[in-house]
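Reviewing the structure listed below.
Numbered from 1 within each chain, the chains take letters A, B, ... in sequence-line order.
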Amino acid sequence: MLIKRLNQQNRQNFKLDSGVGHESDKMQILLIHSDYIEYETKKSTPVAEKIGDELKKGRMEEALTVFIAVEKTDEENIEHCAKQTVHEIKKVTEQVKTNRIMLYPYAHLSSSLSSPKAAVEALKKIEELLREASFEVKRAPFGWYKSFTIKCKGHPLSELSRTIREGGEKCGTPVKVEKEEVVSEALKSEAKATSYWHILTPDGELLNPDGFNFTGHEKLKKFVNYEIHKSRAVDKIPPHVELMRRLELADYEPGSDPGNMRFYPKGRLMKSLLENYVLEEAAKKGAMEVETPLMYDMNHPTLKKYLDRFPARQYSIEADKKMLFLRFAACFGQFLMNHDMTISYRNLPLKMVELTRYSFRKEQSGELVGLRRLRAFTMPDMHTLCRDTEAAKSQFFEQYNMCINVLSKIGLDLSDYEVAIRFTRDFYEENKDFIVGLVKTVNKPVLIELWDQRFFYFVLKFEFNFVDAMDKASALSTVQIDVENADRYGIKYIDSDGKENRPLILHCSPSGAIERCIYALLEKANMNSEKGIVPMFPVWLSPTQVRIIPVAEKHIDYAEKVASEMDCRVDIDDREETVGKKIRDAGKEWIPYVAVVGDEEVNGDDLTVTVRAESLPNKPANIKMKVSELNERISCEVLGFPFKRNPLAMKLSARPRFV
RNA sequence: GCCUCGGUGGCUUAGAGGUAUAGCGCAUCCUUGGUAAGGAUGAGGUCGAGGGUUCAAUUCCCUCCCGGGGCUCCA
């Protein structure tokens, strides 16, 4: 049986590896997962089946539409063909998760049609079998000219609509295609290659996730659940959404497109620090920082090929007569730059890094959540050109460790995220020890996804996935070994023998999206808070590191003197409020050090400092220390991290409120 | 994108076919206060936008925008 599915470029024929394909089974079907399908009979043909008025019009919501052409050779064994067809339909319904089916006789799928009698018999058989399998089935009548409207799930894809329209015009059937994508990329991929899920332990045991004992690895269990079973989440608003606003970090911007946020001074500061930190870590590994355009020509031959490989998820804009798209990663600019460079094997591994502010992905609006998933986000994107597989592996391992280090400095350690490693079977067979080495490094079981064929551009990738309070997983760091794009972009280096070679390319985001790091920090702090741990940011990231609270107005001068002796982000709460109120407000801002100054401090040498990291809920830890001791303590905590000055007025009375 | 729930001063919110409640915040004043909310007074609202039904709509109906959750997706 040949199954025809549409992809975005054209209709492609390919066999499923399900073992049910026989050359003799020629029934042609075309499957479209549709928001709705609607038809209306126009005129009967000489071969029309007799129908009542109720079948002259039909509509089905949220259905898998199955266009069918029964072919000459099917007549020999209609029963068998019908069964095989039903089998295939079932498989697809499982993938797209629907139990509603519209059967639609569609002659134009074949040039060798069966007799009308056989066709009707086959259709009825299929309908009956599907009903027995408790599907909700409708069938459009055979032998009528019909008009139909179908709305496919997904994105507008022009090539497809042409294909369908041509088919429709040929037989005089008006077809209105509103929007289409047909069978999603993932589905297409699944048809080509199958994912096998495993758990790999530090001892190198490859286990079945279903039988794995997750005791002590509850988060991994949640992650596996999320990845394989796509578990349902509970009804709860994500805590970070409230926190990002309450802490005046970031907010929605209704005046823009969804998923494009505004960042207030404190949020901008945190982003800026994180950005600089990650860039600096990349630079330490020898990466050269570059800057490339945000928008690219959609019709550039190389880019076009790349875009065609993926579902349309980009913003596009028209400028003059050009169609441009906004980048969704730094790959485009860097690869185009690599293409024009003269690179010797002596220059390898060659690293370039760019902080994309922004990367744009037009994610489906229903999928956007706070800082977790955005349409415009900031991502450090580093690419490493490697001479051969050995060099790529060695770089991969080095960058794997860099990612662990970067996340831990940001405030997310190994217990906060789960590791997924994904690779092709071939790569695994040749590099088992290498893979196990990755698992040993983190010393905990990891999720493995193994493909029997490569269908993305990479042969190996890992991600670190943060698992939040709603059991949702989000990828942070990732490294991938790309075996395809050097060729696509014509990137080459001159080897020691003087010949041109294609490098392997590593894609690495040491931290993942910066906004997502903030999301993870906020979610982690919230989970801590529920566990009875006082929530806070790492000191180097805290918008205010020290707050000075003068007891009365007469102590403000002294507070200013102390502030001038501090070399960190310090502010003064000079508002006319009670000390209690000011302490409470400082706590609400998660300020790591709060120093109250009154007569005692003015007349003595010490400050009275509330140290957040040592406090318990409702039990502030108050420690007496000299200004120099506080300075010393903070400078140890921020050593090696970027620093930016206070983003707001030093005196709180001079600050506006943003939220 | 689809399904579903929601949108009331800057924020959180009560309420109802007759234009509206409270707290926080803000302003002014009193209090000059020592570790998680001191007190008083006041300003501030086209009740998300547009259309419809009605004598009358913020309330009922439709469309749209924005947000939450689910589905789908995540190069």
Below 4.0 angstrom, N of the basic side chain to O of the carboxylate: do A/Arg633 and A/Glu629 qualify? no

Nearest to the A/Arg584 side chain among B/C74, B/G68, B/A37, which nucleotide is it? B/A37

Considering only side-chain heavy atoms of A/Tyr457, which listed nucleotide, B/G68, B/A75, B/G70, is closest? B/A75

A/Lys461 vs A/Val659, nearer the 5' end of RNA chain B by closest nucleotide: A/Val659

I need the CZ-P distance between A/Phe223 and B/C74, as an integer number of Å. 14 Å

Using both pair distances under 3.5 Å as the test, note the stems of at least 3 consecutive Watson-Crick or G-U pairs that include RNA chain B. B:1-7 with B:65-71, B:10-12 with B:22-24, B:26-30 with B:38-42, B:48-52 with B:60-64

Inspect the contact between A/Lys582 and A/Glu577 and indicate whether a charged nitrogen and a carboxylate oxygen are less than 4.0 angstrom apart. no

By nearest atom, which of the nucleotides B/G68, B/U72, B/G38 is closest to the A/Gln364 side chain? B/U72

More than 12 non-hydrogen atoms from neighbouring residues, nucleotides or ligands closer than 6.0 Å to CG on A/Asn618, yes or no? no

Suppose you measure atom P in B/U58 against the same atom in B/U13; what distance do you get, rounded to whole Å? 22 Å

Can you tell me the distance, in whole Å, between the CD atom of A/Gln314 and the C1' atom of B/C73? 14 Å

Would you kindly give the CD-to-P distance between A/Glu367 and B/C71, to the nearest whole Å? 9 Å

Whole angstrom is fine here: how far is it from CZ in A/Arg327 over to P in B/A75? 18 Å

If you look at every strand shown and take non-hydrogen atoms under 4.0 Å, does A/Gly370 touch a base, only sugar-phosphate, or nothing? sugar-phosphate

For nucleotides B/U4 and B/C64, find the distance between their P atoms and express it as a whole number of Å. 13 Å

Do A/Glu463 and A/Arg422 sit within salt-bridge range, that is, some charged N less than 4.0 Å from a carboxylate O? yes

For a 4.5 angstrom cut-off between non-hydrogen side-chain atoms, does A/Gln334 reach A/Glu354? yes

Looking at every strand, decide which applies to A/Leu368 at a 4.0 Å heavy-atom threshold: base, sugar-phosphate, or nothing. sugar-phosphate

Output yes when A/Arg373 and A/Glu363 qualify as a salt bridge under the 4.0 Å nitrogen-oxygen rule, no when they do not. yes

Which whole number of Å gives the distance between the C1' atom of B/G68 and that of B/G48? 16 Å

In 5'-to-3' order, the base (B), backbone-only (S) or no-contact (-) status of each nucleotide in nucleotides 41-50 of chain B, using a 4.0 angstrom heavy-atom cut-off, is ----------

Which whole-number value in Å describes the distance from A/Leu64 CG to B/C2 P? 19 Å

Provide the distance between the two C1' atoms, one in B/U19 and one in B/C47, to the nearest whole Å. 9 Å

For each nucleotide in nucleotides 28-35 of chain B, reading 5' to 3', give B when a protein heavy atom comes within less than 4.0 Å of its base, S when such contact involves only the sugar-phosphate, and - otherwise. ---BBBBB

Side chain of A/Pro258, heavy atoms from C-beta onward: which of B/A37, B/G69, B/C66 has the nearest atom to it? B/C66

Separation between the P atoms of B/U8 and B/G50, rounded to whole Å: 16 Å

Check the distance between B/C74's P and A/Met379's CE and give it to me in whole angstrom. 16 Å

With P as the reference atom in both, quote the distance from B/U59 to B/U54 in angstrom, rounded to an integer. 15 Å

Could you tell me how far B/U53 sits from B/A57 if I compare only their P atoms? Round to whole Å. 11 Å

Between A/Glu515 and A/Arg357, is there a side-chain N and carboxylate O pair less than 4.0 Å apart? no

If you check the A/Arg245 side chain, which of B/C11, B/A75, B/C74 turns out closest? B/C11

Heavy-atom side-chain contact between A/Asp585 and A/Arg575 under 4.5 Å: yes

What I'd like to find out is whether the side chain of A/Lys461 reaches to under 4.5 Å of the side chain of A/Phe423, using heavy atoms alone. no

From CD1 of A/Ile591 over to P of B/A36, roughly how many Å is that when rounded to an integer? 15 Å

SB check A/Glu589 A/Arg547 (cutoff 4.0 Å): yes

Please determine if a side-chain N or O atom of A/Lys588 lies less than 4.0 Å away from the OP1 or OP2 oxygen of B/G25. no

Classify A/Arg373 by what it touches in the nucleic acid, base, sugar-phosphate, or nothing, heavy-atom distance under 4.0 Å. base

Side-chain heavy-atom pair A/Asp482, A/Leu506 within 4.5 angstrom cut-off: no

Have a look at A/Phe466 and tell me which of A/Tyr417, A/Tyr519, A/Phe223 forms a ring pair (Phe, Tyr, Trp, His ring centres under 6.0 Å) with it. A/Tyr519

Between B/G6 and B/A75, how far apart are the two P atoms, rounded to whole Å? 34 Å

Please check if the side chain of A/Arg612 supplies one atom and the backbone of A/Pro535 the other of a donor-acceptor pair under 3.5 Å. yes

Interatomic distance, A/Lys581 NZ vs B/C26 C1' [rounded to whole Å]: 12 Å

Should the pair A/Lys651-A/Asp573 be classified as a salt bridge under the 4.0 Å nitrogen-to-oxygen rule? no

